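Quick caveat: nothing in here was measured; it's all calculated off a predicted structure.
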Amino acid sequence: TDDDTFSSVFCENSKKLINVHLFALAANYYSFSNVGVCTPLEDLLEALRGDNQGTTGIKTDEFMNNKKSHEVQMMSELVDNIANYCGVKQVIDIGSGKGYLSSFLSMQYDLKVYGIDSSNTNTNGAHERNRKLKKHWRAYQSRGRANPERQMLEKANDMPVESEIKCKAISEKLLNNESCLQSQDQVTIQDLVPSSGFTEVAKSETNNQVEVDLVAQTQCDESKISEEVHAILNVLPADAVEVFSSSPCNCGELREEEKVQRKMASLKTKASKSSESNLYFPLTSCITAETELSDIITDLEDCMIVGLHTCGDLAANTLRIFTAKPEIKAVCSVGCCYHLLSEQFENQEECPEEVWGFPMCQYLKDMGWCCGRNARMSACLALERVAVGQMLPTESLFYRAVLQVIIEEIYGVTKSDRHVGKTFSKSSSFIDYVRKSLKKLELDDSEIPDSCIMDYYEKYKHRMNELEAFNMLKVVLAPCIEVLILLDRLCYLKEQDNIAWSGLVKLFDPVKSPRCYAVIALKKHLCF
């Protein structure tokens, strides 16, 4: 496409928008669907799994709302596959909030998860929610196992010898299948990178190094197999895999021995449940780019770092921590709240910090690129939701716009650190909205009578359609700004020498979860 294709969108002199149709086409042209830098989720999962099958898990919709259930199921499956690929069992969940993702990763996938959140309220809430979730989780699992176990017991009573033979055969099949998996090469993730200016292929290793890595991976797999087989045997009744003996035995003694064995099996099960409760640790700490995780997590080991809708700068800092800490082998980060990002080239005199949320990559830093708060606010809008009929909240946006005029003209305030928040939903009228908002902003609402408030409402009411049209244009532009922010993060990763692969993946359904793109990266020196 020529550079002049979209040149007639704006007036050359006034710079005003003059061609709305061409504006929409240009915005779509520069959105993720056409830029071609995303790696398909299915391709990534296939490469991570190799010949292993995905885990059939318990559905989350019994424990969470539809949006959160969708996010947690999709992200936890991907995180588990990345963790398995990298050979790590520890996961650090940054900005873990109420602990939905952390709890699910620990219970469903047996990962040791540290959930770190800056809010002590969230951490305490996560502890309590995790306790309740475990209770429901075990009940859910028990219901799922009840009928199959009853059927198996009935068959075992009818055919005890055949049952023992089948159990032995299953154990052998598990061992044979795992041994077979050891000998199969894993698919390299580098093959997945789409061909574009933002992609890279990891440097090839020498044949000797590859052989060493494969041997190390095989030894690692053998260790995992041993652990998995022991875990299976510990859960089974003690006599389930007992070898046949031709020597006679006293039935009374056998029954007594069986009681002891079953008691031991019960104790092992209780111990397993006890250790399970320690798989998820909610912690309270404020995370910055300079945070030393080892100061927060005393038993920090090789791990991966994740973040589900990390707010503002936290998403950028998650990537910086990943690149700086050798223990962290992979990252999967889904950011949100772009409007809260700090920008290096916006109001520099008021922000002396050296670490910024945007830009991250050297290319945009060299250009001195700045989005500005209005553009970042636009990036938070949800085009896909609007496209399926979930229209913008025009009335609340109109209330907020008229309030802005009031506080500027009546109170002379143009900037405030305080926020109105979700006052609209708690207000019975525009007058009620204004008065509640003024109190939140710590402004004296007695300075303005009801009649004056309504005069402002009537003055601008006829411009409500104009406001709606303006916001629709912002919605159309939203994906382009989000592309810029996320490509900045991807380019930052590709500038690092210790990254083997990095990419963007559309992880969620954008109608259910508008902030749906995950930034993913794997460190070098893995057993590929």
Side-chain angles (χ1 to χ4, degrees), residues 6 8-28 31 337-339 371-482 511 514:
F6 303 119
S8 58
V9 173
F10 299 95
C11 174
E12 188 174 347
N13 296 323
S14 68
K15 306 301 180 184
K16 291 183 178 181
L17 177 66
I18 57 175
N19 192 326
V20 175
H21 177 68
L22 200 56
F23 174 83
L25 289 178
N28 182 63
S31 66
C337 303
Y338 301 132
H339 61 295
C371 289
R373 181 176 171 82
N374 283 336
R376 288 183 278 111
M377 284 287 289
S378 298
C380 298
L381 298 173
L383 175 61
E384 288 84 1
R385 284 186 173 178
V386 173
V388 297
Q390 299 182 31
M391 300 306 291
L392 291 171
T394 303
E395 188 176 19
S396 66
L397 292 171
F398 176 72
Y399 275 25
R400 181 64 184 81
V402 179
L403 174 68
Q404 184 73 28
V405 177
I406 290 174
I407 62 175
E408 285 186 10
E409 293 186 358
I410 300 297
Y411 297 92
V413 176
T414 57
K415 191 173 182 180
S416 174
D417 293 331
R418 299 189 171 274
H419 302 281
V420 172
K422 298 179 180 179
T423 305
F424 176 81
S425 61
K426 302 170 186 174
S427 304
S428 58
S429 64
F430 180 67
I431 292 174
D432 188 35
Y433 171 83
V434 170
R435 298 211 175 280
K436 285 180 177 177
S437 298
L438 291 174
K439 286 183 172 65
K440 280 196 170 186
L441 297 171
E442 295 188 343
L443 297 173
D444 184 5
D445 70 319
S446 64
E447 291 185 22
I448 181 169
D450 289 354
S451 58
C452 184
I453 293 174
M454 287 309 298
D455 286 344
Y456 274 100
Y457 181 87
E458 294 297 331
K459 179 180 179 180
Y460 292 103
K461 184 173 65 174
H462 70 282
R463 300 189 65 182
M464 193 179 294
N465 289 338
E466 183 182 337
L467 177 67
E468 184 173 18
F470 175 74
N471 280 296
M472 287 299 291
L473 290 175
K474 290 176 69 176
V475 169
V476 170
L477 191 60
C480 300
I481 306 168
E482 184 173 31
V511 176

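We find that Lys459 and Asp455 are not joined by a salt bridge, their nearest charged nitrogen and carboxylate oxygen being 4.0 Å or further apart. Under 4.0 Å is where a charged nitrogen must lie from a carboxylate oxygen, and between Asp450 and Arg435 at least one such pair does.
In this structure, CD1 in Ile481 is found 4.5 Å from OG in Ser378, a value given to the nearest 0.5 Å. Atoms CG and CZ, from Leu17 and Phe470 in turn, are 10.5 Å apart once rounded to the nearest 0.5 Å.
Counting non-hydrogen atoms of neighbouring residues, nucleotides and ligands closer than 6.0 angstrom, the CD atom of Glu12 reaches no more than 12 such neighbours.
For the residue pair Val405 and Tyr460, the shortest heavy atom distance occurs at CG1-OH, 3.7 Å. The nearest pair of heavy atoms linking Arg418 to Leu441 is O-CD2, 3.8 Å. Closest heavy-atom contact between Ala27 and Cys480: O-SG, 3.0 Å. The two residues His339 and Met377 have their closest heavy-atom pair at CB-SD, 3.2 Å.
One side chain, Tyr338 or Glu482, offers a donor N or O that lies under 3.5 Å from an acceptor on the other.
Counting heavy atoms from C-beta outward, Val434 and Val402 have side chains that stay 4.5 Å or more apart. Using a 4.5 Å heavy-atom threshold, the side chains of Asn374 and Lys474 count as separate. The side-chain heavy atoms of Asn471 and Glu468, taken from C-beta on, include no pair separated by under 4.5 Å. Here the side chains of Ile448 and Ile406 are in contact, with some heavy-atom distance below 4.5 Å.
For Tyr457 and Phe398, the ring centers sit closer than 6.0 Å to each other.
Here the side chain of Lys440 pairs a donor or acceptor atom with the backbone of Val420 at under 3.5 angstrom. Checked by atom type and distance alone, the side chain of Arg385 never pairs as donor or acceptor with a backbone atom of Gln390 at under 3.5 Å. The main-chain N or O of Lys422 is found under 3.5 Å from a side-chain atom of Ser425 such that the two form a donor-acceptor pair.
Taking the six-membered ring for Trp and thresholds of 30 and 60 degrees, Tyr433 and Tyr399 have ring planes inclined between 30 and 60 degrees apart.
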